[in-house]
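Right, one structure below, let's go through it.
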Amino acid sequence: MAEHRYEPKQIEPRWQRVWADERTWEVSNDEADGREASYVLEMLPYPSGEPHIGHLKVYSVGDAVAHFHRRSGRRVLHPMGYDAFGLPAENHAIQTGQHPRDSTDAAIASFQRQFREWGISIDWTREFGTHEPRYYRWTQWIFLALYEAGLAYRKEAAVKWCPVDQTVLANEQVVDGHCERCGALVEARQLEQWFFRITDYADRLLTDLDGIDWPEHVKTMQRNWIGRSEGAEVAFRCEDLDPAHPIDYPVFTTRPDTLFGATFFVMAPEHPDVLRLAAGTEHEDAVREYVNRSLTESAQERGDLDKEKTGVPLGRSVVNPVNGERLPMYVADYVLMEYGTGAIMAVPAHDERDHAFAVRFGLPIRRVIADPEGSGELPYTGDGPLVDSHPDFDGLPNREALGAIVDWLDREGKGHASVNYRLRDWLLSRQRYWGCPIPIVHCDACGLVPVPAEQLPVLLPDIEDYAPKGRSPLAAAEDWVRTTCPRCGGPARRETDTMDTFVDSSWYFLRYCDASNDEAAWSKEALARWMPVDQYIGGVEHAILHLLYARFFVKALADLGHMPDGVQEPFARLFTQGMITKDGAKMSKSKGNVVSPREIVERFGADTARCYILFIGPPDQDADWSDSAVEGMFRFLSRFWRACAVAADELADHPVLDEPGEDAVRILRKANWAIERVTSAMGGRFAFNTAIAAVMELFNELTPERRGAADPGSVRFGLATAASLLFPFAPHASADAHHRLTGARVWEEPWPAADPAYLEAEEFELVVQVNGKVRDRVSAPADADRDALLALARDRPNVIAHLDGHEVVKEVVVPGRLVNFVVR
RNA sequence: GCGGAUGUGGCGGAAUUGGUAGACGCGCAGGCUUCAGGUGCCUGUGGGGGCAACCCCGUGGAGGUUCGAGUCCUCUCAUCCGCACCA
C-alpha cells in the first residue's frame, strides 16, 4: 500500500491550476441556461501591504457561500477588485517619494497572489482597481450625472478639517471630534467645498431599510445616523431691528405642546444674524467675543456634556407666536447651527438643557405640563396634561395638545408640521492627491463648467511633491490646472480637489456586472441580470459610511434612469463578520500580535487556514485566534485526507449495497444526518462552525475502529459525502479526496440531498424523568405509543426506586423524546 | 442619557417550536506505538460525594411561569459596540 501524506503544498496548487486553466469560476452575462442568478460579494479590499487575517475571514465566508450557491444550482457572480485610491498610499508617498500608484500596484499584486493561493473562487475577468482610468472615468461620469441633476453642488460651509491629513472630512469620518483616519483633533473651518445632496434621500434611506434583509443592529445604526425627528417649525418674530420690517426666525421643535412654556430664545454662535442682532446693544462686544471663542473651540471641547452651559444675551427679543410674550434672545454654543434652523425656543421646565441654562442665568421657568405621578420636580420631560397654557388646550393630554397646537399654528400661518433629519449632506471633496479628480473646470466667464463626457477621464497628473499644504497637491501641476473652458473656449482652471474614496466604493458593485464595457459605466441589461447583490459580506465598521453612501448612489442613479426597473437597493442581504483578535486585543503592528495569513497558509495550507477561521465560532461574532487550535484543524484535515486516500486505494468502485448491514446503516444515517445539518447551517445563519463539526462527527463514524463490519461501498459513500460537504470550506483537500474516491469533480456535483429514509431512526433513546429530573434512559421503538413508552419507563430499575413510596399524580409523555412522572 | 448586543467547563463554542446542558474542537491527564523527539493512535475529562450502582450542585445574579427553563416573563449586575447639548 502506498504511503499517503497530506501535503497541501502539492494538493492546493494542483487544483488551483485546474480552476485557472478551465476558467471554472467565470460567468458570462449572456448565458441563458435557466439557472437562477446569484451575486455573492465581499467588500472590496483596500490594497495595502498584504492581506491580513480579516481578509482571510471575509473571503472564506464569501467563498463558502458562493460555492454553496453554485452547487445548489445557481449561476454565481463572485468578482474581486481593489479600493485603490486613498490616504495610506499617499502618506507613504510623502515619506518615501514612491508614487502611490507603484506602492498600490505592488500591494494589489500581493493581494492577487494570495487570493489565488487561498483558492478563492473568483471570476478574475471582471477585476479592476478603482485607481485605473478605465474605472474612474465612470466615477467622474457619475459625478457629472449627479451634478447635472443638482445632486452634487459646491457651497461654503463650516466644515470639519483635519490638521494632520490637511484635508476636509465628511461628518461620517469624524469620530468623537477626532479624525477617523489619523486620530487628530478635528478643527472647524469655513470653506467652499463639494457636497452630494444625500439629505434629499433621508426619508427613502430610512423607510427602505424595512425592505432589506440586514442585521438589525446595522439598520439601527443607519436609523440613528439619519436621525428622523417629527415636530413643527414655528416662526418667532423679531421687531427690534426695524419694526417696519420684522424678521421671522423659524425654530424646529419636537415639542410644540410646550410652546406656552417658552421663556427665552437661543441662537447658535454660527447663526448668520447673531452679530447683526447684537450690533448697537450694550452686549455687542461680549457677543462678538463669545462667537469668536465658540468658533475656534474644537468640536470635542464644545460638545463636552459635563461642561457648564455658557452664553451671552443679545439684547433683543422675539415674540412667542402662541401668546404674544416677548422672549429675551441669547447666543449659546449648546445650540448647533447644523441641526434644525440654528435657533431654538427654550422651555426650561421641560428640557434638561434649557433648564440648566435658565438656572445658570436666572431665567424664568414655567411649568406647562403636569406630572400625573404628582412629582413637582423640574425639568419634567414625561407626558401629562397641559396646564397654564391656554383655555383651549389646558387639560388635554400633551400628545393630543401637540397636534391641536400644530393645527392652530398652521391655520394662523405661524408654523407647520415638520420633519427634521440629523443626516447632513456628504462632503466629498478632499485636498489630497491620490484620488479621483473632480471633472469640473472653473471659468471666470462661465463659472463652474462640467468636463464634457467625451473628454473623460480627467486623468490624474503626475506630480513631484505629494505633501499637503492646505490646498490640493494637484494645484502644483500647473500645466494640468491650466486649461480652456469647454463652454466658451476661454482660459480656465481645473478643479484641484479629488473625491473622497468612498465615492469610488459607492458603485463598484455595479461595474462588476459589466466590467469591460468601454461605452458606458454599465448596460442596464447587465445590471438587470445581477443586481441587487444577493449576499453582501463585510465588516460592521462600514455600517454607516460605505453602506449608506452606496444606498444613496443606487437610489440617485435609479431616479436618473440608470438602474433597471425595481432596483432601489444595492444589497438585498447583508452579513457582517466579527473581528479576529489575538489574546483578546485587536491585532496591530504596534502591539506585535499580528497573525499573518501568509505564514499560516505557508505552514498549514489554505484549507486549514480557511477551515479554522470558520470553525473558530459564529462568523458574525468576534473570535480570538489560537495557534494550537489551528494545528488541531490541520490534524483533522490530515486525518481526513489520509483516510480518503487510503480508502480510495482499498475500496475503489464499490457501490452502496442494496441491503446494507447494521454498521453500514449507521454510517448511512450519519452521512444523511450530516447532509441535513450542513445544508441548514449554510442557509440562514451561516453556522459554518457547526457545519464543520457535523462533518467531523461523520468522519469520526468512519474510522476503521468505528466502521465495524460496514461494507466498502458504504464507507466510501460516507467519506465522499464528507468531502462533498467540506468542499465550501476546504476546497482543495475536498476536491482531491472526492476525486480519488469517486473520480468526479466535486464542484460539478450538485449539493447532496438527504435521503429521508435514513433521517428517520427506528429507535430513539427515551429519557425518563421523575419530577423533571433525568433518572434513566432506555432505547425505545420510534413508533411506540404513549402506553408503550410509559410501560417501558416504569420498568427501569432506577425509575422504580424513585417512584417507590410516592403517588404518581401526572404522567407527561413527549413522543420520540421523554416521559416524565410527577410524584408526590 | 438613548439605542443595540453578549454573558454556558481550563479555553473557542454546541443545544429545532421550552424536553438528555456541555456536540465538535483546543487544552489537560493516563496509556499504547514509534522513540531522539515536538509525530501517530486509544481512553478519560463541568464541580462535589461514593468502591460501586448512584446521589447532590451547575448556563452572570435574584425572583416568577411550567410536569419540565440556557431557552419564556420581571428585576438586577457585568462587559462590549454605536450615537450623543439633535431642540
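In what follows, chains are A, B, ... by sequence order, proteins preceding strands, each numbered from 1.
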With a 4.0 Å cut-off on heavy atoms, is A:Asp622 in touch with a base, just the backbone sugar-phosphate, or nothing at all? sugar-phosphate
Contact class for A:Val347 vs. all strands (heavy atom < 4.0 Å): base, sugar-phosphate, or nothing? nothing
For atom C1', what is the distance between B:G19 and B:C72, given to the nearest Å? 14 Å
Assign each of A:Ile692 and A:Arg642 to its nearest nucleotide of RNA chain B by heavy atoms, then name whichever residue's nucleotide is nearer the 5' end. A:Ile692
Under 4.0 Å between a Lys/Arg side-chain N and an Asp/Glu carboxylate O for A:Arg228 and A:Asp203? yes
Find the distance A:Leu614:CG to B:G25:C1' and express it as a whole number of Å. 14 Å
Using the ring of each side chain (for Trp, its six-membered ring), is A:Phe236 parallel, tilted or perpendicular to A:Phe265, with breaks at 30° and 60°? tilted
Rounded to the nearest angstrom, tell me the gap between atom OH in A:Tyr339 and atom P in B:C85. 12 Å
Does a salt bridge link A:Glu352 with A:Lys309, judged by any charged N lying under 4.0 Å from a carboxylate O? no
Integer angstrom distance from the C1' of B:U16 to that of B:G12: 23 Å
Atom CZ of A:Phe688 and atom C1' of B:A23 are separated, to the nearest Å, by 19 Å
Is there a donor and acceptor pair, one atom on the side chain of A:Gln769 and one on the base of B:U20, closer than 3.5 Å? no
Between B:G82, B:G12, B:A21, which nucleotide gets closest to the side-chain atoms of A:Val774? B:A21
State which residues pass side chain to side chain contact (heavy atoms under 4.5 Å, CB included) with A:Ala693; sequence neighbours excluded, sorted by chain then number. A:Phe615
Taking NE2 from A:His271 and P from B:A87, how many angstroms apart are they, rounded to a whole number? 18 Å
Distance check: side-chain N/O of A:Arg775 vs OP1/OP2 of B:A53, anything under 4.0 Å? no
With sugar-phosphate meaning primed atoms plus P, OP1 and OP2, does A:Arg223 contact a base, only sugar-phosphate, or nothing at under 4.0 Å between heavy atoms? nothing
Across all strands shown, which nucleotide pairs with B:G38 by Watson-Crick or G-U wobble geometry, both distances under 3.5 Å? none
Check whether the ring centres of A:Phe821 and A:His806 lie less than 6.0 Å apart, and answer yes or no. no
Sugar-phosphate only, base, or nothing, as touched by A:Asp624 at under 4.0 Å among non-hydrogen atoms: nothing
Considering Watson-Crick and G-U wobble pairs with both distances under 3.5 Å, what does B:A84 pair with? none
Between the base of B:C67 and the side chain of A:Asn820, is there any donor-acceptor pair under 3.5 Å? yes
Quick one: on RNA chain B, does A:Arg817 or A:Ser229 contact a more 5' nucleotide (nearest heavy atom)? A:Arg817
Per the glycosidic torsion and the 90° limit around 0, nucleotide B:G9 is syn
Listed nucleotide nearest any side-chain atom of A:Thr254, set B:A87, B:G25, B:C67: B:A87
So, is A:Asn700 near the phosphate of B:G25, with a side-chain N or O under 4.0 Å from OP1 or OP2? yes
